[in-house]
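If you read the sequence from its start, that first residue is 1, and numbering goes on from there. Since we're looking at a predicted model, the values are computed, not measured.
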Amino acid sequence: MINRQRVLITIAMLFAVTAYAHNGEDEHVDHHEMQQKATLTTVDYTLPQVKLVRGDGKTVSLADELNDGRPVILNFIYTTCKAVCPISSQTFSKFQSKLGEDVKKVHMVSISIDPEQDTPARLLEYAHEYKAGPQWQYYTGTIEASIATQRAFDVYHGDKMSHSPVTFLRASPEKSWLRLDGFASADDLLREYRTLVSTR
């Protein structure tokens with residue numbers, strides 16, 4: 001349930017061009033989409049009791065992984081995505097670089113919405129592509145577990161091609177989630193992260 005509408009912010013999307021260039025993509029970039037307004041809301045979610053498979057091949061509880069006490073920043077991706085995911089993943093990569101020493105304190109989470117294709121081995125390749133550090137982990141699993149997780153975070157659209165950019169941040173297990181619908185820069189994420197952890 002959404003507790004309150006925090007703020008509407010306009011986010012410049014020029015970094016998206018860099019993200020596409022980094023990944024060798026030459027698809028047309030919709031400039032209206034890049035200039036869209038991103039909505040920040042504070043939301044309470046109930047985590048589903050599902051098992052996911054981490055990039056290292058270990059089967060883990062989603063709730064245990066997200067409730068390990070660290071601040072969490074989370075998104076949903078799939079490795080063959082040519083539009084939203086390269087931008088979101090590049091942003092995560094830049095975000096981890098900007099964290100400095102705080103990078104050891106956070107848990108960055110990317111969950112696949114295409115578990116049939118995204119094996120742990122494929123996710124590790126994808127993680128290497130974006131220079132993911134040890135604090136940034138990727139998860140796959142069964143189709144049922146993936147859908148249950150997407151539904152829990154209200155991002156399930158029935159078709160992976162229809163997914164939209166959404167990022168979630170939470171300071172600690174007892175806190176609400178900050179949901180950011182739309183593209184955000186690494187600086188935007190860093191600012192929101194610092195605001196959240198300062199009020200833990």
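In this structure Lys160 satisfies the side-chain hydrogen bond (donor to acceptor under 3.5 Å, both in side chains) test together with Asp114, sequence neighbours excluded. Residues meeting the salt bridge (charged side-chain N to carboxylate O under 4.0 Å, His left out) test with Lys51, sequence neighbours left out: none. The salt bridge (charged side-chain N to carboxylate O under 4.0 Å, His left out) test applied to Asp159 returns no partner, not counting sequence neighbours. The salt bridge (charged side-chain N to carboxylate O under 4.0 Å, His left out) test applied to Glu116 returns no partner, not counting sequence neighbours. Applying the salt bridge (charged side-chain N to carboxylate O under 4.0 Å, His left out) criterion to Arg179, with sequence neighbours excluded, gives Asp181. With sequence neighbours excluded, the residues forming a side-chain hydrogen bond (donor to acceptor under 3.5 Å, both in side chains) with Ser89 are Tyr126, listed by chain and number. Under the side chain to side chain contact (heavy atoms under 4.5 Å, CB included) criterion, Pro115 pairs with Ser112, Thr140, Ile143, Ser146, sequence neighbours left out. Contacts of Ser97 classified as side-chain hydrogen bond (donor to acceptor under 3.5 Å, both in side chains), with partners at least two apart in sequence or in another chain: none. For Ala63, the side chain to side chain contact (heavy atoms under 4.5 Å, CB included) test picks out Leu47, Gln49, Ser61, Asn67, with sequence neighbours left out. Contacts of Val197 classified as side chain to side chain contact (heavy atoms under 4.5 Å, CB included), with partners at least two apart in sequence or in another chain: Pro71, Tyr193, Arg200. Remark: Tyr156 engages Ile147, Gln150, Arg151 in a side chain to side chain contact (heavy atoms under 4.5 Å, CB included) (not counting sequence neighbours).
The main-chain N or O of Gly133 is found under 3.5 Å from a side-chain atom of Gln96 such that the two form a donor-acceptor pair. Distance alone, capped at 3.5 Å, places no donor-acceptor pair between the Arg170 side chain and the Trp177 backbone.
In plain terms, the two heavy atoms of Thr199 and Thr195 that are nearest each other are OG1-O, 3.4 Å. When all heavy atoms of Ala152 and Thr46 are compared, the pair lying nearest together is CB-O, 3.7 Å. Counting all heavy atoms, side chain and backbone alike, Val166 lies closest to Phe168 at CG1-CZ, 3.4 Å. Shortest non-hydrogen contact noted between Tyr138 and Ala132 is CE1-CB, 4.0 Å. Heavy atoms only, all atoms of each residue included: Leu169 and Leu189 are closest at CD2-O, 4.0 Å. Summarising the geometry of Cys81 relative to Val84, their closest heavy-atom pair is SG-N, 3.6 Å, with the distance given to 0.1 Å.
In summary, of the residues considered (Thr167, Leu66, Thr149), a side chain to side chain contact (heavy atoms under 4.5 Å, CB included) with Leu74 occurs for Leu66 alone.
Note on residues 52-109: pairs passing ring-ring contact (aromatic ring centres under 6.0 Å, His included), not counting sequence neighbours, are Phe76-Phe153, Tyr78-His163, Phe92-Trp136.
Side chains of Tyr139 and Val60 form a contact here, defined as non-hydrogen atoms less than 4.5 Å apart. Proximity of His128 to Leu124: side-chain heavy atoms (C-beta onward) are nowhere separated by under 4.5 Å. Residues Lys98 and Asp187 have side chains in contact (heavy-atom distance under 4.5 Å, counting atoms from C-beta outward). Side-chain atoms of Leu178 and Glu192, non-hydrogen and from C-beta on, do get closer than 4.5 Å to each other. Contact check for Thr91 versus Lys94: no side-chain heavy atoms found under the 4.5 Å cut-off.
Distance check: Asp118 CG to Ile111 CD1 gives 12.5 Å after rounding to the nearest 0.5 Å. To the nearest 0.5 Å, the span separating CG on Asp102 from CD on Gln135 amounts to 11.0 Å.
The pair Asp68-Arg70 counts as a salt bridge, with a side-chain nitrogen and a carboxylate oxygen less than 4.0 angstrom apart.
Hydrophobic clustering of Ile, Leu, Val, Met, Phe, Trp and Tyr side chains at less than 4.5 Å, counting indirect connections, unites Val72 with Leu52.
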